[in-house]
Amino acid sequence: MNTSPSRRTALQAVGATAVAGYVTGFAGTAQAAAPSAAPTAAESDTVEDRVIVHPPLPSVPTNNAFTVKVRPVGGTWQTLGVHLVRLALINPVTGGNQAQNSSMAAFDFSGTVEVEVTYNRGGGETVRVRPDSYGITPEVLGGTARFTLDRPRNLVVQVDDKVFDCLHLLANPIEQDPPAEGDRGVMYFGPGLHTHPDRTLRVPSGTTVHLAAGAVLTSAVVFEGVENARLTGRGVLYNAPGGAIFVRDCENVTIDGVTVLNPRYENVRVAESRNLTIRNLRAFSHQGWGDGIQLYCSENVTIDGCFLRTSDDCVALYTHRWDFYGDTRNITVRNCTLWADVAHPINIGVHGNPDPNAPEVLENLRYENIDILDHREPQVLYQGAIAFMVGDGNLVRDVRFDDIRVENFRQGQLVHMRITNNPKWNTAPGRGIENVYIKDLSYQGTNADLSLIAGLDGDHVIRDVTFENLRVNGRVIADSTGKPRWYLASDGVPMFVNEHVQNIRFLTTAEAAAQ
């Protein structure tokens, strides 16, 4: 269904009001380094084993479920502050959101560090340190677990498989030459509680906002119509009554190292911006529409080394919505850890411009070296650890996934790739999905529902989708091997592929290399 000029004008007006409300909502108001190779012997000899413990976070409640200690190898133990984070648990019968308590602690270090985690509520028969790909096996004795880290990590320490009453441990690199109070072009927030009368911090061009460790800022941070601006540090944005960070019509903006807790809506929204870097962001949400990072109509964006545990999509890429217009292209998401308590870890293409005279494109999208820890979505239409739900005239093309590791999520699909015209969100179908290459996607688990790849009709198709070295519980899914000849390779996922999908292939690595 196309949108008439009058309806489009009305939608634009509603959109402008919505965005204005977003900003007035403000006014009314990471992760450590990415996984990398282990240090060489020479590097280990030259890097000092050092630990920096963060000051307490004022006004952020503590949680006594865990005691956490750290030390340089063989050094003196230091105790970390453990703070409360709130997470979402949706009741699929009532739709109610039963917010759950969880724990978070953070510190900085260099070299090698020992970590000791004690669960204070009893039990502790099993302790799992996630992501599983890090290969960290703790020593467990009497409810206390110990392990070492030789590089910065964002970790989840789960005791007896508890999904919510767990510890999120943010082990940062030590900051190099951070800004200081009084530096030119710096808004500096030291340890302590900070806010503004209207709870909105608008950042000028050429300015760095620095939240030192122990700083708690209860204002939203807004970059609008600016360039060469930054938000950095180890501090926390807390209790933003709207979204926590808003970037619109900007050039060369960097967000690096901060943690977002308990925003009213999304953690980060980016629109109509270029040349943006979001690095080492950690974000937790429990309210409805609590997305991690939303991108609209933006280009040349890198999302690197982030940890996102969210009450809606972790990373969502769109084009038009409200009064945002334009294509989305050249987006890289890498070295991230994603946990969606609701909706999708990765979501692409729902919102766009339904006007057939001004269609929009999402293209050149890259996802690399990502751990998906969980996905829970009772609504079948909104499932998918990796989801393309392409509507509103969008064309999605030239998408590449490399080395995506999906752990045993609670409820949902591994892949959901669909051209849609969902009346809840769309007024027109998507135009298509083209040229998607998924290499080294692995799923280890038993809870995945039937995956789906489906075009809408003969004019709205999905074409040229390749899976290389797709592994489900260690089994390689390929057209040529590991199945009866009369089976489809997709049956091994299992996955339903409809008649409006053209040229879908399942290859081994050797077959891909031979082409």
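Along the sequence shown, residues carry numbers from 1.
Under the 4.5 Å side-chain criterion, counting only non-hydrogen atoms from C-beta, I433 is not in contact with I348. With contacts defined as side-chain heavy-atom distances shorter than 4.5 Å, the pair M104/L57 qualifies. Within the 4.5 Å cutoff, no side-chain heavy atoms of V260 are placed close to those of V236. Inter-residue side-chain proximity for L414 and H375 is flagged as unmet; no heavy-atom pair is nearer than 4.5 Å. At least one side-chain heavy atom of Q383 sits less than 4.5 Å from a side-chain heavy atom of Q411.
Between the CD atom of Q294 and the CG atom of N267 there is a distance of 9.5 Å, given to the nearest 0.5 Å. The line from CG of L338 to CG of D371 is 8.5 Å long, rounded to the nearest 0.5 Å. One finds the NE2 atom of H54 at 8.5 Å from the CG atom of L80 (value rounded to the nearest 0.5 Å). Taking NE2 of H344 as the start and NE2 of H416 as the end, the distance is 6.5 Å to the nearest 0.5 Å. To the nearest 0.5 angstrom, I136 atom CD1 is 5.0 Å from L149 atom CG.
Under 3.5 Å, the side chains of Y382 and D312 contain no donor-acceptor pair of N or O atoms. There is a side-chain donor-acceptor pair under 3.5 Å between N364 and N330. Side-chain N/O atoms of T118 and T67 include no donor and acceptor closer than 3.5 Å.
Results of the side chain to side chain contact (heavy atoms under 4.5 Å, CB included) test with F401 over V333, I438, L365 single out I438 as the only residue that passes. Of the residues L211, L201, L261, the one that meets the side chain to side chain contact (heavy atoms under 4.5 Å, CB included) test with L237 is L211.
Using a 4.0 Å cut-off between charged side-chain N and carboxylate O, E299 and R274 make no salt bridge. Salt bridge status for R269 with D291: absent, with no side-chain N to carboxylate O gap under 4.0 Å. Salt-bridge annotation for R376 and D374: absent, with no side-chain N of the basic residue lying under 4.0 Å from a carboxylate O of the acidic one. Salt bridge status for R405 with D403: present, with a side-chain N to carboxylate O gap under 4.0 Å.
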Query raised in the report: Does the side chain to side chain contact (heavy atoms under 4.5 Å, CB included) test come out yes or no for F409 and W339, once each step is laid out?
Result: CA-CA 9 Å; F409 49 73; W339 181 318; over 6 Å; no
Report task. Take N252 and E227 through the side-chain hydrogen bond (donor to acceptor under 3.5 Å, both in side chains) test and state the conclusion after the steps. Result -> CA-CA 5 Å; N252 297 325; E227 60 184 7; 5.7 Å; no
Requested in this report: Let me see the working for V203 and L231 under side chain to side chain contact (heavy atoms under 4.5 Å, CB included), right down to the final yes or no.
Outcome: CA-CA 9 Å; V203 185; L231 171 63; over 6 Å; no
Report task. Tell me, with the steps shown, if H286 and S311 meet side-chain hydrogen bond (donor to acceptor under 3.5 Å, both in side chains). Result -> CA-CA 5 Å; H286 74 277; S311 53; over 6 Å; no
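Among residue pairs with one or both ends in residues 229-239, those qualifying as salt bridge (Lys or Arg N to Asp or Glu O under 4.0 Å) are D108-R234; sequence neighbours excluded.
By the salt bridge (Lys or Arg N to Asp or Glu O under 4.0 Å) test, R418 pairs with no residue at all, sequence neighbours left out.
With hydrogens and angles disregarded, a donor-acceptor distance shorter than 3.5 Å links the side chain of N394 to the backbone of H351.
For R50, the CZ atom counts as loosely surrounded, since its 6.0 Å shell holds 12 or fewer non-hydrogen atoms of other residues, nucleotides or ligands.
Relative ring orientation between Y296 and Y318 is described as tilted, the plane-to-plane angle lying within the 30° to 60° band.
Ring centers of F66 and Y119: under 6.0 Å apart, within the cut-off.
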